[in-house]
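Everything below concerns the one structure shown next.
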2 protein chains.
Amino acid sequence: MNEVENAIEVLKTNGYKFTDKREHILSYFNQENRYITAKEVQQFLKVKYPNISYDTIYRNLYTFVELDIVEETELNGEKLFRLNCSHSGHHHHFICTACGKTKKIEMCPMNFFEGQLNGCQINSHRFEIFGTCEQCALPVK
Amino acid sequence: MNEVENAIEVLKTNGYKFTDKREHILSYFNQENRYITAKEVQQFLKVKYPNISYDTIYRNLYTFVELDIVEETELNGEKLFRLNCSHSGHHHHFICTACGKTKKIEMCPMNFFEGQLNGCQINSHRFEIFGTCEQCALPVK
DNA sequence: CTTTAAAACGGATTCGTTTCGATTTACATT
DNA sequence: AATGTAAATCGAAACGAATCCGTTTTAAAG
């Protein structure tokens with residue numbers, strides 16, 4: 001079972017309906033292995049559904065996030081989404097600011113200092129490294 | 001020399017002018033030891049300068065960021081600013097999502113895995129922990 | 001086939017942020 | 001103290017991402 005089929009399964013078992021649009025959004029995520037914007041999703045869907053509404057895009061994106069199908073971050077005041085790959089364990093990302101591609105970072109730094117924050121309730125954390133990947137790194141020498 | 005005077009010094013040595021508004025923005029930052037929004041800055045300055053423009057707020061905030069007087073982050077699509085405290089060494093923050101207060105985290109996790117990203121050029125990183133501080137933590141028991 | 005709750009439409013609205021021409025101001029120089 | 005000028009500010013408009021809402025369509029259960 002591939003990622004898309006799997007995600008659709010998750011939708012169904014959580015009482016959400018199957019729709020062509022959801023399938024298309026998911027397969028777009030699957031084909032782009034990187035963080036994409038809501039606008040990119042909208043423009044992709046526009047080809048097949050010229051009247052697609054932003055409401056549809058955002059509602060579905062947030063549904064996906066809620067179901068852990070998609071993960072979300074933000075950069076320069078813009079939200080970014082990608083297929084969640086945390087089924088292979090909690091981890092973080094290196095994000096290429098040129099092409100948006102990501103690499104898994106095989107470590108979560110949270111373990112190292114939870115002791116430093118006694119009395120605080122930790123709800124979430126954000127750990128991301130930005131730069132340019134091998135392909136995008138300028139050959140400036 | 002306090003933080004505000006110091007920041008004004010930095011402005012001057014970089015060829016920026018001294019203005020009342022800049023001084024007020026800086027002393028507001030100094031009095032609020034936390035991340036604040038551009039709107040909060042605007043509302044603070046409004047008391048003394050009823051016609052203060054957002055242009056002035058943002059231009060100065062970004063000038064401060066450029067001069068490392070202020071540091072910037074974003075949460076929920078909104079930009080947040082606070083006086084830069086990295087003169088006491090590179091570090092990261094726990095950020096209380098209720099009151100905006102921050103706590104230093106005495107460790108930078110970057111050291112631990114730079115080896116994992118061969119070929120990539122690392123330009124920046126983001127490491128933040130979110131939750132509620134002692135004062136804001138709900139006494140839910 | 002019928003029903004109905006979920007999903008989508010589409011267009012308006014909100015809100016943070018950015019922009020820009022005109023005006024004012026800080027401050028170095030005379 | 002007066003002048004010149006580059007920097008700073010104003011005021012208001014524009015922008016773009018995100019959200020909202022009444023109406024219509026649709027998936028899929030009965």
Side-chain angles (χ1 to χ4, degrees), chain A residues 4-5 7-26 28 35-67 69-70 72-82 100, chain B residues 5 7-26 28 35-67 69-70 72-82 97 100:
Chain A
V4 174
E5 289 165 354
I8 289 170
E9 206 56 34
V10 172
L11 279 169
K12 290 201 168 181
T13 62
N14 283 83
Y16 290 92
K17 292 181 181 172
F18 168 86
T19 69
D20 282 3
K21 296 188 183 69
R22 283 180 172 161
E23 188 180 35
H24 274 80
I25 295 175
L26 289 166
Y28 180 51
Y35 275 105
I36 54 186
T37 63
K39 181 168 207 161
E40 285 179 289
V41 176
Q42 193 260 355
Q43 283 172 345
F44 176 79
L45 284 234
K46 223 174 178 176
V47 177
K48 180 141 181 161
Y49 308 99
N51 297 325
I52 187 80
S53 164
Y54 264 108
D55 190 22
T56 303
I57 305 291
Y58 280 106
R59 191 171 17 72
N60 280 317
L61 288 176
Y62 291 138
T63 298
F64 294 159
V65 169
E66 204 134 307
L67 295 176
I69 293 167
V70 158
E72 182 189 1
T73 189
E74 60 182 314
L75 188 55
N76 299 129
E78 198 172 22
K79 289 178 182 167
L80 300 172
F81 304 87
R82 63 158 295 144
Chain B
E5 288 165 355
I8 288 170
E9 207 55 36
V10 173
L11 279 169
K12 290 202 168 180
T13 61
N14 283 84
Y16 291 91
K17 291 181 180 171
F18 169 85
T19 69
D20 283 1
K21 297 187 184 69
R22 281 179 173 160
E23 188 180 34
H24 274 80
I25 295 174
L26 289 167
Y28 181 52
Y35 275 106
I36 54 187
T37 63
K39 181 168 207 161
E40 285 179 289
V41 176
Q42 193 262 353
Q43 282 173 346
F44 176 81
L45 284 233
K46 222 175 179 174
V47 177
K48 180 142 182 159
Y49 308 98
N51 296 325
I52 186 80
S53 165
Y54 266 108
D55 189 18
T56 304
I57 306 291
Y58 280 106
R59 193 172 16 73
N60 280 318
L61 288 176
Y62 292 138
T63 297
F64 295 158
V65 169
E66 206 136 303
L67 296 175
I69 293 168
V70 158
E72 182 190 2
T73 188
E74 61 185 315
L75 189 55
N76 299 131
E78 198 172 19
K79 288 177 182 168
L80 300 172
F81 304 87
R82 62 158 295 145
T97 52

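Side chains are part of it too, since the values below use all heavy atoms of this structure and drop only hydrogens, waters and symmetry mates. From a predicted model like this one, the values you see are computed outputs, not experimental measurements. Letters A, B, ... are given to chains in the order of the sequence lines, protein chains preceding strands, and every chain is numbered from 1.
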* Between B:Val10, B:Ile8, B:Thr63, B:Leu61, which is the residue that forms a side chain to side chain contact (heavy atoms under 4.5 Å, CB included) with B:Ile69? -> B:Val10
* To do: Go through the steps for A:Phe64 and A:Ile25 under the test side-chain contact (heavy atoms from CB on, under 4.5 Å), then give the verdict.
  => CA-CA 10 Å; A:Phe64 294 159; A:Ile25 295 175; 3.7 Å; yes
* Asked: Is atom CD of A:Glu66 surrounded by more than 12 heavy atoms (other residues, nucleotides or ligands) closer than 6.0 Å?
  -> no
* Asked: Considering heavy-atom distances to DNA chain D, does B:Gly15 or B:Ser53 have its closest nucleotide positioned more toward the 5' end?
  -> B:Gly15
* **Whole-Å gap separating P (D:dA8) and NE2 (B:His24)** => 18 Å
* Structure fact -> Residues at least two apart in sequence or cross-chain that pass ring pair (Phe, Tyr, Trp, His ring centres under 6.0 Å) with B:Phe44, listed by chain then number, are B:Tyr28
* salt bridge (Lys or Arg N to Asp or Glu O under 4.0 Å) partners of residues 38-61 of chain A, not counting sequence neighbours, each pair once -> A:Arg34-A:Glu40
* Check ring pair (Phe, Tyr, Trp, His ring centres under 6.0 Å) between A:Tyr49 and all other residues, then give those that pass, not counting sequence neighbours. => A:His24
* To do: Please work out which residues in residues 58-67 of chain B have a non-hydrogen atom less than 4.0 Å from an atom of DNA chain D and list them by number.
  => B:Arg59, B:Asn60
* Neighbours of DNA chain C within residues 73-81 of chain A, by heavy-atom distance under 4.0 Å -> none
* Asked: Is there a residue in residues 37-47 of chain A whose heavy atoms reach under 4.0 Å of DNA chain C, and which residues are they?
  -> none
* **By side chain to side chain donor-acceptor pair (under 3.5 Å) - contacts of B:Tyr54 (at least two apart)** => none
* Asked: OP1 or OP2 of D:dC10 sitting under 4.0 Å from any side-chain N/O of B:Thr56?
  -> yes
* To do: Give the C-alpha distance, both sets of side-chain angles, the deciding distance and a yes or no for side-chain contact (heavy atoms from CB on, under 4.5 Å) between A:Val65 and A:Phe81.
  => CA-CA 9 Å; A:Val65 169; A:Phe81 304 87; 4.1 Å; yes
* Asked: Can you name the closest pair of heavy atoms from A:Gln42 and A:Ile52 and give their distance?
  -> O-CG2, 4.0 Å
* Along DNA chain C, first and last positions that approach a heavy atom of chain B under 4.0 Å -> C:dG16 to C:dC27
* Asked: Is the count of non-hydrogen atoms from other residues, nucleotides or ligands lying under 6.0 Å from A:Glu72 atom CD greater than 12?
  -> yes
* To the nearest 10°, let me know how far the axis at one end of the helix from C:dC1-D:dG30 to C:dT30-D:dA1 is tilted from the axis at the other, five pairs an end. => 30°
* Give the C-alpha distance, both sets of side-chain angles, the deciding distance and a yes or no for side-chain contact (heavy atoms from CB on, under 4.5 Å) between A:Arg22 and A:Leu11. => CA-CA 10 Å; A:Arg22 283 180 172 161; A:Leu11 279 169; 4.0 Å; yes
* Structure fact -> Sorted by chain and residue number, the side chain to side chain donor-acceptor pair (under 3.5 Å) partners of A:Lys79 (sequence neighbours excluded) come out as A:Tyr62
* Atom-pair distance (CD1 on A:Ile57; P on D:dT19), nearest Å -> 13 Å
* Taking all heavy atoms of B:Ala38 and all of B:Ile57, pick out the closest pair and write down the distance. => O-CG2, 3.8 Å
* Got B:Leu80 and B:Glu74 here, is their nearest side-chain heavy-atom distance under 4.5 Å? -> no
* Asked: Can you list the residues that meet the salt bridge (Lys or Arg N to Asp or Glu O under 4.0 Å) rule with A:Glu9, with sequence neighbours excluded?
  -> none
* Asked: Side-chain contact, heavy-atom cut-off 4.5 Å: A:Leu67 with A:Tyr16?
  -> yes
* Asked: Going 5' to 3' along nucleotides 21-30 of chain D, which nucleotides have protein heavy atoms under 4.0 Å from the base (write B), which only from the sugar-phosphate (write S), and which from neither (write -)?
  -> B----BBS--
* For A:Leu45 and A:Lys21, work out which heavy atoms get closest and say how close. => CD1-O, 4.0 Å
